[in-house]
Amino acid sequence: MHHLRMIREQAEALRDGMRRRGKLEVYGPVIDESETLDRTRRQTIQAVEEKKAQRNALTQVVGKKKKAGEDAAVEMAEARALGEAIAALEATLAPTEARLEELLLGVPNIPLPDVPEGDESANVVVRSWGTPREAEGIKPHWEVGASLGLLDLERGAKISGSGFVVYRGTGARMIRSFMNAMLDLHTSEFGYEECWVPVVVNRPSMVGTGQLPKFEDDMYALKDEELFLIPTAEVPVTNLYRDEILAAEELPKAFCAYSPCFRREAGSAGKDTRGVLRVHEFDKVELVRYCAPEDGEAQLQLLLSHAETVLQGLGLPYRVVLLAAGDTGFGSAKTYDLEVFAPGVGKWLEVSSCSLFTDFQARRANIRFRPAPGEKPRFVYTLNGSGLAFPRIFAAILEHYQQPDGSVTVPEALRPWVGADRLG
RNA sequence: GGACAGGUGGCCGAGUGGUUGAAGGCGCACGCCUGGAAAGCGUGUAUUGGUUAAUAGCCAAUCGCGGGUUCGAAUCCCGCCCUGUCCGCCA
């Protein structure tokens, strides 16, 4: 969410950000309306506060007179009249503020200056690692997975619905190995604090990280309570310090968490319907960082390098893509995607999205730090990225490590966990 | 799920209708004192909004959250949330 002062003092920067996202027609009118409402709001507040100050003064006179045993009927009547006027003004203020908040919560973050303008065709591959395998003769993961007994999509659909997956045998063991291998790497090598968090969260948490109110249709909600299944561990982990003020020396903070993730994928019907590339429930290890504003860019590069290390450890060829403004997510100011090449489906698969949110989430979630004792609190910068998403890594391994006899070799790094060097 | 008890500033803890943003203590910061430190003394120590060049002043709001009563609510009433204890239930 943007600060009201942003609307007031930097409306042009906001408009330019929306233009670079290619969304000026959508958000231009929203910004216009916000500017008008902001003016109305301030006028009303001034009027209300002036009357409140008058009433407070009268109230004190009443108190003194009563204590002295004098009559205060005149002052009481006057104060009552002021109270009615205040109530009337506040009745107009409430809808103004509600509408303003609704509007502000729906405006995306401003992309950083070095983010390319335009839609996804303007995305930039900034570097690559490893050599993608020739696609010739390689079967897609769902075929290998089924024939080796690692993946049971039919029964997943039967017990839950399409888009729900059952991993079996060494397939299940491989998923478990991802959790252990990734959490161990991030905690012991990179200093992340491991967290195990609820996968059901309340509405303020979902608003804090930006999933709500805008993307409610994409979220699974519990039927009789205001609770939601998380689409990523980013939600509970980033909200850990919601409504808190941290000391400067606590920054940067770094957390990693395994969690299942639930996504309705409304509007994605027909895309990636085969295999495990787009499912309603999947698992991943998420990395979340908080830092001081001046460290944002460096922290993003650091986060990205941590996610890359996982892929290098697995020996999977990948590329790093800087997303263009129009392809950058709602709350993000700058995002790098990590894409792994899966030769069986012949596609680059997004396995991690590393984003710097600047103070966008911190404002919504009210996460601050005090730069020095006695100084005013400031909003932290938040970052997050997958490290990494399991199903697509599973798919990439089944395809990249596929052998001519139909078996799959297990990446070196996972063997201690999987307990085998070959699947099938 | 049921019955009690409770939610006040960084912490502890007063405060049951009136000038209380909130006594007192602790902690913290700065100053004095000291060879240095401790003790002691003094000063200061919340957040948000409005106004403003200002994180200077001034005004407003905030004692779990929301509503109500009242000229006036931390204090009274209603609803909700959370915590603790006991009972029930359960992996």
For B/G6 and B/A61, measure between their C1' atoms and round to the nearest Å.
26 Å

Give me the distance, rounded to whole Å, that separates B/C81 from B/G17 when you measure between the P atoms they each carry.
30 Å

Flag side-chain contact, heavy atom, 4.5 Å: A/Met219 against A/Arg264:
no

Please give the distance between the P atoms of B/A3 and B/A74 as a whole number of Å.
30 Å

Would you please say whether a donor-acceptor pair under 3.5 Å links the side chains of A/Asp337 and A/Ser352?
no

Does A/Arg155 have more than 12 heavy atoms from other residues, nucleotides or ligands lying within 6.0 Å of its CZ?
no

Short side-chain donor-acceptor distance under 3.5 Å, A/Gln301 and A/Tyr336:
yes

Listed in order of residue number, which residues of residues 70-90 of chain A have a non-hydrogen atom at under 4.0 Å from RNA chain B?
A/Met76, A/Ala79, A/Arg80

Hey, is the side chain of A/Arg370 poking within less than 4.0 Å of OP1 or OP2 on B/U55, counting only N and O atoms?
no

Scan every strand shown for a Watson-Crick or G-U wobble partner of B/U52, both distances under 3.5 Å, and answer none if you come up empty.
none

Using purine N1 to pyrimidine N3 plus N6-O4 or O6-N4 for Watson-Crick, or N1-O2 and O6-N3 for G-U wobble, both under 3.5 Å, which nucleotide pairs with B/G1?
B/C87

Check the distance between B/G49's P and A/Leu104's CG and give it to me in whole angstrom.
13 Å

Across all strands shown, which nucleotide pairs with B/C71 by Watson-Crick or G-U wobble geometry, both distances under 3.5 Å?
B/G18

Say you pick atom C1' in B/G57 and the same atom in B/G40; how far apart are they, in whole Å?
35 Å

Can you confirm whether A/Arg415 is buried at CZ, in the sense that more than 12 heavy atoms of other residues, nucleotides or ligands lie under 6.0 Å from that atom?
yes

Please report, rounded to the nearest Å, how far the C1' atom of B/U48 is from the CD atom of A/Glu97.
12 Å

Within this structure, what is the CZ-to-C1' distance between A/Arg8 and B/G50, rounded to whole angstrom?
9 Å

Take the protein atom NZ of A/Lys67 and the nucleotide atom P of B/G17, then report the distance between them rounded to whole Å.
12 Å

Looking at residues 44-64 of chain A, who's got a heavy atom less than 4.0 Å off RNA chain B?
A/Ile45, A/Gln46, A/Glu49, A/Lys52, A/Ala53, A/Arg55, A/Asn56, A/Thr59, A/Gln60, A/Val62, A/Gly63, A/Lys64

What contact category does A/Arg378 fall into here, base, sugar-phosphate, or nothing, at under 4.0 angstrom with non-hydrogen atoms?
nothing

Would A/Leu4 and A/Arg41 count as a side-chain contact (heavy atoms from CB on, under 4.5 Å) if you check the C-alpha gap in whole Å, the side-chain angles of each, and the deciding distance to 0.1 Å?
CA-CA 11 Å; A/Leu4 267 176; A/Arg41 171 178 175 273; 3.5 Å; yes

RNA chain B contacts made by residues 201-212 of chain A, counting heavy atoms under 4.0 Å
none

For A/Arg39 and B/G50, give me the distance from atom CZ to atom P, rounded to whole Å.
14 Å

Check whether the side chains of A/Arg364 and A/Thr209 place a donor and an acceptor atom closer than 3.5 Å, and report yes or no.
no

Rounded to whole Å, how long is the line connecting atom CD of A/Glu9 with atom P of B/U51?
10 Å

Using atom CD of A/Glu225 as one end and atom P of B/C80 as the other, report the distance to the nearest whole Å.
15 Å

Here the distance between atom C1' of B/G49 and atom CD of A/Gln43, to the nearest Å, is 16 Å

Test applied, side-chain hydrogen bond (donor to acceptor under 3.5 Å, both in side chains); reference residue, A/Tyr192; option that passes from A/Lys253, A/His306, A/His186:
A/His306

Can you name the closest pair of heavy atoms from A/Ile230 and A/Pro236 and give their distance?
CG2-CD, 3.6 Å

Step through the shown structure and confirm whether more than 12 heavy atoms of other residues, nucleotides or ligands are within 6.0 Å of CD on A/Glu244.
yes

Please check the phosphate of B/G72 (OP1 and OP2 only) for any side-chain N or O of A/Lys66 closer than 4.0 Å.
no

